[in-house]
Each structure stands twice: as structure tokens, then as C-alpha cells.
Amino acid sequence: MRIIKGFIFSLCACSALMATAACTSAAHKTEATADTTQVESKNAVIETIMSRRSIRKYKDQPVEHEKLQKIVECGINAPNAMNQQPWQVRVVDRADYINGLTEIYKKANPKAAEDPDFKNMFRNAPAVIFIASPKNGGGQLDCGLLGENIVLAAQSLGLGTCCLGSPVRFMTDNVEAAPYVERLQLPDDYALLYAIAVGYPDESPEAKPREMDKVKFIE
């Protein structure tokens, strides 16, 4: 009888310990989650990444050269293979360049001009950053990293951005646009890859859902 009572006592004690351990573990997890949330809310880098959106409406306000200079400096400090820096970066904020190129675009795409809000082919942004990569196809990954640095730096300075591919395709495919490509003074072995519209945002789009099920930790 004493053996049975002792066994029951031990079992109860173990159950109590397990329950306590489970509660402690849950508490630790809750604290860890709270700590992570608190760290994220105070981490400027994470906050910038999570708040950045593609902007397609801009204020009619020029971007200061100091800010443009700073964000391209952040761009060229992106990681790149063997520090080869396989990119060319051109910053354009001249209205005559953007508007002149846009007139050629409107001529080829007359429906675009029917939009009363349409001002230029770069989402109406007052400044554009062009990124070129080697014609041999190398360096595109590095140019992508450069662009990410640019858009995040711009976000941290209160600027909006939008990565654009179709305007660059138009510039490289349209014969009338060729003089504008030449004005960028790219090396002969480089070609335009994409552009980044830059300006002060005139909209605050909501974040689009992300598919977290595409992320897996492999055991």
C-alpha cells in the first residue's frame, strides 16, 4: 500500500513539475516574442524595410541633390562579387530630359496621354536613377543589390521609389529615344538594365500580403 501511495505521489510530483516546466517554457516563448517585437519596433533598419512601398504617385517637388547623392552612395556600397562593382549609375533630374523623352513615349503610346494625371513616363517622378550592367550578362545580381540599397536609403530619407523596367525597354527599343540613351554616356560594353523613379510620395499604399509559406526552415 505504501508503495502504491509513493508511486502516486511521485507521479503527481512529476506532473506538477512538467506543468511548471511547460508554463515556464510558454512564458519564455512569450517573453522572447515580446522581446523580438520590441527590438523590431526600435530597429531603424527593420522598420525601413517593412515600411517601404513602391510609389506610383509623386508630389510636384524636386528632390534635393544632397539626398540623391546620398542614396546613390548607399547604392554603390552594396555587396558585389570580388568588389568588381559591375554597374554604371546615372542620375537624371533635368526636366528637359524627362519631358523630352516622355514626348517620344506619348507619340508611340498615345493612350498614355489620355490619362489626366499623366505627366511623364517614369510614374511622374521628378528624378530617375538609371542602372546599367555589362552587356555580357554579368553583374545583374550585383545591380539588383545596388538597387535595393538605393530604395531603402531613399525610404529612410522620406523619399518614395519605384523600380521600372518598361521605360528602359522603350528607351532601348525606340530609335527616336536613342539620343537620350547616348546622353547617359554609358561605356560601350554596358547596357541599361532598369530605372528607379525617385520623388516625394503623394500616396501611402498598404502593404500587399506576402506568402510566408514559401519560407521553410530545413531540419
Side-chain angles (χ1 to χ4, degrees), residues 52-58 62-63 65 67-69 71-78 80-81 84-115 117-155 159-203 205:
R52 190 263 163 193
R53 307 282 180 268
S54 291
I55 301 299
R56 295 176 173 83
K57 292 182 181 180
Y58 295 90
V63 180
H65 273 212
K67 288 189 176 181
L68 291 171
Q69 178 70 27
I71 63 177
V72 294
E73 284 181 8
C74 290
I76 64 174
N77 274 279
N80 60 95
Q84 293 181 357
Q85 304 179 51
W87 48 56
Q88 291 287 328
V89 183
R90 301 292 184 267
V91 183
V92 177
D93 62 349
R94 291 180 58 92
D96 65 327
Y97 185 102
I98 294 174
N99 294 337
L101 187 55
T102 296
E103 288 302 314
I104 298 173
Y105 178 81
K106 287 164 59 177
K107 181 180 176 182
N109 301 274
K111 288 189 176 181
E114 295 177 3
D115 183 352
D117 296 324
F118 181 85
K119 295 178 182 178
N120 71 54
M121 60 187 289
F122 300 102
R123 295 291 181 177
N124 299 342
V128 186
I129 299 175
F130 293 99
I131 292 95
S133 62
K135 290 181 178 179
N136 64 12
Q140 292 188 0
L141 174 59
D142 298 320
C143 286
L145 294 170
L146 172 143
E148 184 70 5
N149 270 22
I150 287 176
V151 299
L152 292 178
Q155 174 72 18
L159 298 170
T161 56
C162 187
C163 293
L164 304 172
S166 57
V168 166
R169 286 193 296 273
F170 175 81
M171 292 172 67
T172 55
D173 294 343
N174 188 287
V175 176
E176 292 186 57
Y180 289 88
V181 177
E182 292 175 4
R183 285 178 61 179
L184 297 178
Q185 302 177 25
L186 297 173
D188 292 339
D189 56 341
Y190 272 74
L192 284 176
L193 183 60
Y194 67 102
I196 300 176
V198 184
Y200 284 95
D202 198 23
E203 63 173 352

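These numbers come from the heavy atoms of this one structure, side chains and all, not from hydrogens, waters or symmetry mates.
- Distance alone, capped at 3.5 Å, places no donor-acceptor pair between the D93 side chain and the V91 backbone.
- Atom-to-atom distance recorded for Y194:OH and R169:CZ is 14.0 Å, nearest 0.5 angstrom.
- Proximity of a side-chain donor or acceptor of N109 to a complementary backbone N or O of A112 within less than 3.5 Å is not detected.
- How far CG of D115 is from NZ of K119: 11.0 Å, rounded to the nearest 0.5 Å.
- A salt bridge links E176 to K107: one of the charged nitrogens lies within less than 4.0 Å of a carboxylate oxygen.
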N80 vs W87, test: side chain to side chain contact (heavy atoms under 4.5 Å, CB included). Steps then yes/no.
CA-CA 10 Å; N80 60 95; W87 48 56; 3.5 Å; yes
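- Side-chain contact between I98 and M121 is absent, with no heavy atoms from C-beta onward closer than 4.5 Å.
- Side-chain contact between V151 and C163: present, with at least one pair of heavy atoms (C-beta onward) separated by less than 4.5 Å.
- The environment of K57 atom NZ is sparse: at most 12 non-hydrogen atoms of other residues, nucleotides or ligands sit within 6.0 angstrom.
- Going from atom OG of S54 over to atom CD of E203 covers 9.5 Å, rounded to the nearest 0.5 Å.
- Taking the centre of each ring, Y105 and F170 come in below the 6.0 Å mark.
- Annotation: the span from R56 atom CZ to L164 atom CG amounts to 8.0 Å, rounded to 0.5 Å.
- With respect to I196, the side-chain contact (heavy atoms from CB on, under 4.5 Å) criterion is satisfied by exactly one of I131, V89, V128, I71: I131.
- The shortest heavy-atom contact between A177 and L101 is CB-CD1, 3.8 Å.
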Working note: L159 + K67, criterion side chain to side chain contact (heavy atoms under 4.5 Å, CB included); need CA distance, chi angles, decisive distance, verdict.
CA-CA 9 Å; L159 298 170; K67 288 189 176 181; 4.2 Å; yes
Between Y180 and Y97, is the ring pair (Phe, Tyr, Trp, His ring centres under 6.0 Å) condition met? List the steps.
CA-CA 7 Å; Y180 289 88; Y97 185 102; 5.2 Å; yes
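- Classification of E114 and K111 as a salt-bridged pair fails, no side-chain N sitting under 4.0 Å from a carboxylate O.
- When atom types are taken as modelled, the side chain of N124 and the backbone of D117 share a donor-acceptor pair closer than 3.5 angstrom.
- Taking 4.5 Å as the limit, some side-chain heavy atom of F130 sits within range of a side-chain heavy atom of M171.
- Residues A125 and A197 share a closest heavy-atom pair of CB-CB, 3.6 Å.
- Looking only at side-chain heavy atoms (C-beta outward), I150 and I129 come within less than 4.5 Å of each other.
- In this structure, the separation between OH on Y190 and SG on C143 is 7.5 Å, given to the nearest 0.5 Å.
- When every heavy atom of G199 is checked against every heavy atom of V63, the shortest pair comes out as CA-CG2, 3.7 Å.
- When the shell of 6.0 Å around CZ of R183 is examined, it contains more than 12 heavy atoms from other residues, nucleotides or ligands.
- Within the 4.5 Å cutoff, the side chain of Q85 has no heavy atoms near those of the D142 side chain.
- Counting only heavy atoms from C-beta outward, the side chains of C162 and I55 never approach each other to under 4.5 Å.
- F118 has its side chain within reach of T102: a pair of non-hydrogen atoms, C-beta onward, lies under 4.5 Å apart.
- Looking only at atom types and distance, the side chain of R90 has a donor-acceptor partner in the side chain of Q88 under 3.5 Å away.
- Distance check: E103 CD to N120 CG gives 10.5 Å after rounding to the nearest 0.5 Å.
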